[in-house]
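Quick note on labels: first sequence line is chain A, next is B, and so on, each numbered from 1. Being a predicted model, the structure only gives us computed values, none of them experimental.
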Amino acid sequence: MSEFDAIVVGAGPAGASAASRMASSGLNVLLVERGDPPGSKNVSGGILWGQELSKLYPDWEKSAPLERFISNKVTGFLTDDSYIGIDFRTKKFEKEKTGYSVLRTKLDGWLAKKAKDAGSTVITGITVDGLAWNDKRVVGIKQGNDIITSDLVVLAEGANPRIAIGEGLRPPIGDHDVAIGIKQVVKLSEQVINERFNLRNGAGMAAEFSLGFLKNGVKAGGFLYTNKDTISAGVVIDIAGLRKDNSTYSFNIMDQFVSHPYIAPYLEGGQLQEYSAHLVCEGGIDYVPKLYGNGYMITGDSAGLSFSNGMVIQGMNYAIASGIAAADTAIRCKNSGSYDLDQIAYYDNLMKDSQAIKDMKNFRGISKVTWSPMVHEFIPKFAESVLNGMFYETGEPKKHLMEIALGSLKETGYDRKKLIIEGFRLMRKM
Amino acid sequence: MVLEIVVMVKQVPDSQEVVIDPVTMNLNRSMTRNVTNRADENALEAALQIKDKVPANITIVSMGPPQAETTMIECLARGADRAVLVSDRAFGGADTYPTGLTVASAISKLDHFDIIIAGEESSDSSTGHVGPGVAEFLGIDQITYCSKIEFSDGRVTAERELEDGTEVVQCPTPVLVTMLLGSNFPRMQTLRRKIDATKKGIEVWNLEKLGLQPEWVGVRGSPTIVRRMQSIKERERAKKPVTLEAIPDMVKELYEKNILKVK
Ligand SMILES: Cc1cc2nc3c(=O)[nH]c(=O)nc-3n(C[C@H](O)[C@H](O)[C@H](O)COP(=O)(O)OP(=O)(O)OC[C@H]3O[C@@H](n4cnc5c(N)ncnc54)[C@H](O)[C@@H]3O)c2cc1C
């Protein structure tokens, strides 16, 4: 007899959702989180996209600690001197909410409390060391000198899945599988934020930029999200590029972003409240391992279920979806009285049909594009040059757009053949 | 015979995160995380080290609001056997005097105790009164500011760090000892113990259970009144790079500005 029907490692969105769902179906669940309180070790931008939580908590839009609903989405490029952006606002986002800004300490605290209220035993401040095996089957977890047994273990460790890797359930992380995320939370007042970003009635903005001002092949994206009375500002940095340049440190990039002439004014006068760093999964579908095995399932970032196309990062919603799918599998096992491998395989079936896996399959290889010199060097420079050509009044006769574009193309010094290949990829992948 | 050890603990706001509200001059606790007072973790570890050698029972006693339960569970997860949280609205706003009284009366309600161990002081008020106060209320001996304690043959041997050396004090039980911050390395919590503690829960005792009068405890029983809190601004120090040759000039300047005096 096992002590628990299921043990969940990690109380991020994946683990807390799984635990809550299983416990509310009557399973005896243990949820273990090393952070105390939950969320204290976690970082997201973060915008929670989609309606995943409604499957767990139909009233989540009222009860969850959400900051602002996203009413406008900005995509842009920053060069040394310029800001080029598309600011998309639509009434549609106000009617049907597509995403909410969230702060992880609050959100994770709420999710863990929900899991506890549903009946799970929630233990914080303790790091699980590994899995307990018996006859090639996972039979529980190891912590210190103890083994705690369960019929199933749900791994929800996040982007640095030390147990899954250590137990040989997934390959180690390579430079192209993850990026470095750095984020700061800056306190302002609700009113100041509303004025600076032209927002009303709980509406918020999510902005992502390609940081075209970086040199020496270093590549990073920047983001700016509005919370109720704080702004989350951060960068996501390509590790391979950073490794090649010994003179740039990750925090330099953060500093450059927040002091950019057109970003700094948004944050001016604010008080720094949090500064954190975390890995971001970037590996795409090829980085997703086998999701299950004898006695275990892997969920969320631990399974590489995260998606980024340069304009959004999605991970929390996939984490929640995979947590729910793992829970539904566990509930099915419990009801049928069998925890055999072919029963656990149900999780894989659920995931195959999930939006997470479908999105990731659709966008296979997207990171080659999102981290391409085209996006990070060529487009920002080209756009800046074209716009300068169009709008900068020199007193000379105006040129036709085509003429300007060709001139700008030359100015960027970008290899044309490379441009065609990368441009084609961009069109295809995005 | 089983040795009965009581460890006094307090939940405090994480001192690294405490900020003083610039308007009200009160500690703003809403943004801070609550943790176990660090010196109390050293007190618990001292108790556990005794328990490693002789059969012993460790009871945690704490006065605090209901959310102090998390601290009590943490202590159980490190190895304590029993946890009593003394909690009642009537205890709110207590200074160190009624706190000592309240904790002492809770300890006297336990069947028996041989050694009481407390941290040297709490990081949020830094008085160091409560441990000694409890010893006084209970009428037992006390050894304060210890770096190390041992128990054998019914006696506690304690080392006290003094400015010019170490003092070794020996004392028969019952005795109260306060431990210095950082005097040992607190052991980790274990998952097994934390599960058990979480499931079992802790004991909560109120005013009635202690049999104390409301006017003896809390803000009503407190002789001290905090009139004012003030946050102190660090004075900006003047800085000036000087060359070796310019040192005489610098000394002269300091003298003229009345900063350096000549006898
Ligand atoms: C800078 C940045 C910006 C992002 N922006 C967004 C965004 O805007 N929108 C979005 O949807 N996603 C975003 N993401 C991605 C998102 O944060 C993740 O996809 C999501 O958190 C994954 O959830 P999870 O539950 O799988 O893992 P996590 O949230 O990482 O949770 C894992 C939990 O497991 C715990 N844990 C790990 N190992 C152990 C152990 N051995 N024992 C006990 N506990 C353990 C950890 O402490 C943690 O609480 C962003 C990520 C970063 C870094």
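Close approach to chain A, defined as a heavy atom under 4.5 Å from one of its heavy atoms, is seen in R192(B), K194(B), I195(B), T198(B), K199(B) of residues 192-210 of chain B, taken by number.
Partners of E268(A) according to the side chain to side chain contact (heavy atoms under 4.5 Å, CB included) rule, which considers only residues two or more places apart in sequence or in another chain, are R196(A). With sequence neighbours excluded, the residues that form a salt bridge (charged side-chain N to carboxylate O under 4.0 Å, His left out) with D108(A) are R104(A). Applying the side chain to side chain donor-acceptor pair (under 3.5 Å) criterion to D36(A), with sequence neighbours excluded, gives T124(A).
Dense packing is recorded around CG of D52(B), with more than 12 heavy atoms of other residues, nucleotides or ligands lying under 6.0 Å away. At most 12 non-hydrogen atoms from other residues, nucleotides or ligands lie less than 6.0 angstrom from CZ of R89(B). Within 6.0 Å of the NZ atom in K183(A), the count of heavy atoms belonging to other residues, nucleotides or ligands exceeds 12.
Exactly one of I147(A), I141(A), D146(A) qualifies for a side chain to side chain contact (heavy atoms under 4.5 Å, CB included) with L191(B). That residue is I141(A).
Of all non-hydrogen atoms in G125(A) and Q189(B), the two that sit nearest each other are O-NE2, 4.1 Å.
Within the model, atoms OG1 of T190(B) and CD1 of I148(A) stand 7.5 Å from one another, a figure rounded to the nearest 0.5 Å.
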